[in-house]
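Values in this document were obtained by computation on a predicted structure and should not be read as measured data. All ligand and atom numbering here is 1-based and tracks the order in the structure.
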Amino acid sequence: MKPKRTASEITGMGAAVPEKVLTNFELAKMVDTSDEWIRSRTGIRERRIAEDNETTSEYGHRAARVALDQAGLSPKDLDLIIVGTVTPDMCFPSTACFIQEKLGAVNAAAFDVNAACAGFIYSLSLADGMIAAGQYKNILILGAELLSRITNWQDRSTCILFGDGAGAAVLQPSQGDRGIVKTYIRSDGRLNHLLKMPGGGTIFPPGQEAHNGECFIQMEGREVFRHAVNCMGEAATKIIEENGFTGDEISLVIPHQANIRIIEAVAKRLDVPNERVYINVDRFGNTSSASIPIALHEAQQRGLINRNDLVLLVGFGGGFTWGSALIRF
Ligand code: UT7
């Protein structure tokens, strides 16, 4: 198929994760579980956990510095910062504003996107559209999370899944037909009850003792699993077919790293062999909006993304939200 002109391209990527590793064996000392159960049901072996005094914006800042260096930009060159997060430093100001301050990105606008684990794809879609409209030139997008802060460490059905970290990318106007080929985002608010952190908003305002338990991730695991496979399958096949490609032409799939079984089910639906699907859920667990940019950066660092490769990003999250992006590198 003849390559079509793109509006924006990724010119820099970065990631930052905590040093502290929490293994399944350590978790098994905290709740009634086992390494064998966690590995066979999720593919996760270990995850990274931030120190108590660290913040989401610190990890976002570190990831942003790496991405800016790669793009050859200084923070002052940035016009816009968009951060996908469900674990902001504060309810407001936005984590994007905290990262802006840390970077010294004094010429930028900054805001957060709450699309749960689809936050990075939503941010990418927004940034690409704003560059296409000619409104901005140098945009920093991030997925940054400290999920350990909203994890109930006594609930074995959720605490085995999540981890902390951040990933970033710089988007700039493209010079030709390489860059963001297309993005696709969707949501279905009817499924809002399946995956949520109810506390801290207007329904369960902060500071009410009775509602402390609401400040943790709550999830209907099996239902989330079922919808995740359907939504990611739809987002992936739709974007490939509607843009005239076939699964064969995808060089690498970077899926949201939630569960190895979800990833394998989606890969099967796409008819893409497992070796063309990037997986690091075993080492980082589910880092929500950060999982795709961390994986993207890691894949690039490992030399798995070459010039002209067509890379598919696909993710889903609470909301329900889901989406995909096709990128020609
Ligand atoms: O970014 C999106 C975030 N969320 C997800 O991606 C989650 C999607 N869902 C999942 O990944 C899976 O549903 C889980 C990994 C969370 C759970 O796996 P499952 O195969 O759906 O297990 P289940 O919830 O149906 O539970 C099966 C059994 C239950 O015991 P009984 O009732 O059969 O006796 C659970 O109590 O496993 C038990 N169980 C555990 N056992 C050992 C639940 N959690 C654990 C655990 N260790 N950590």
Sub-4.0 Å atoms of ligand 1 with respect to non-hydrogen atoms of S157: 16 (C), 44 (N)
Could you pull out the closest heavy-atom pair between W153 and S148, with the gap in Å? NE1-O, 3.2 Å
Just need the protein heavy atom nearest to atom 37 (O) of ligand 1, so name the residue and atom and give the distance. W37 CZ2, 3.4 Å
Atom indices of ligand 1, in the order listed, that fall short of 4.0 Å to a heavy atom of R222: 13 (O), 21 (O), 23 (P), 25 (O)
Looking at D32, which atoms of ligand 1 are within less than 4.0 Å of one of its heavy atoms? 42 (C), 47 (N)
Show the atoms of ligand 1 that are less than 4.0 angstrom away from any heavy atom in V224. 4 (N), 5 (C), 7 (C), 8 (C)
Atom OG1 in T56, atom CZ in F98: separation rounded to 0.5 Å? 10.5 Å
Output, in order, the C-alpha distance, side-chain angles, deciding distance and verdict of side chain to side chain donor-acceptor pair (under 3.5 Å) for Y278 and E298. CA-CA 9 Å; Y278 194 78; E298 206 176 60; 2.6 Å; yes
Looking only at protein heavy atoms, identify the closest one to atom 8 (C) of ligand 1 and say how far it is in Å. G221 O, 3.5 Å
Under 4.0 Å from a heavy atom of T42: give me the atoms of ligand 1 that qualify, with their elements. 15 (C)
For H256, the ligand 1 atoms with a heavy-atom partner under 4.0 Å come out as 1 (O)
Begin with the C-alpha distance, continue with both residues' side-chain angles, and end with the deciding distance and a verdict on salt bridge (charged side-chain N to carboxylate O under 4.0 Å, His left out) for R261 and E264. CA-CA 5 Å; R261 288 157 53 216; E264 284 171 357; over 6 Å; no
Quick check against the 3.5 Å criterion: does R156 have a side-chain atom that pairs as donor or acceptor with the backbone of V31? no
To atom 19 (P) of ligand 1, the nearest of R41, E36, R226 on a heavy-atom basis is R41
Just heavy atoms, cut-off under 4.0 Å: does I38 contact ligand 1 by side chain, backbone, both, or neither? neither
Provide the number and element of each atom of ligand 1 under 4.0 Å from a heavy atom of R261. 20 (O)
Look up atom 33 (O) of ligand 1 and tell me if a protein heavy atom lies less than 4.0 Å from it? no
State whether any protein heavy atom lies less than 4.0 Å from atom 5 (C) of ligand 1. yes
Could you check whether atom 28 (C) of ligand 1 has a protein contact, counting only heavy atoms that fall below 4.0 angstrom? no
Are any of the N/O atoms in R156 less than 3.5 Å from those in ligand 1? yes
Provide the number and element of each atom of ligand 1 under 4.0 Å from a heavy atom of I262. 6 (O)
Heavy-atom distances under 4.0 Å are what count here, so tell me which part of L195 touches ligand 1: side chain, backbone, both or neither. side chain
Would you check the N or O atoms of A258, main chain and side chain alike, for any that come under 3.5 Å of an N or O of ligand 1? no
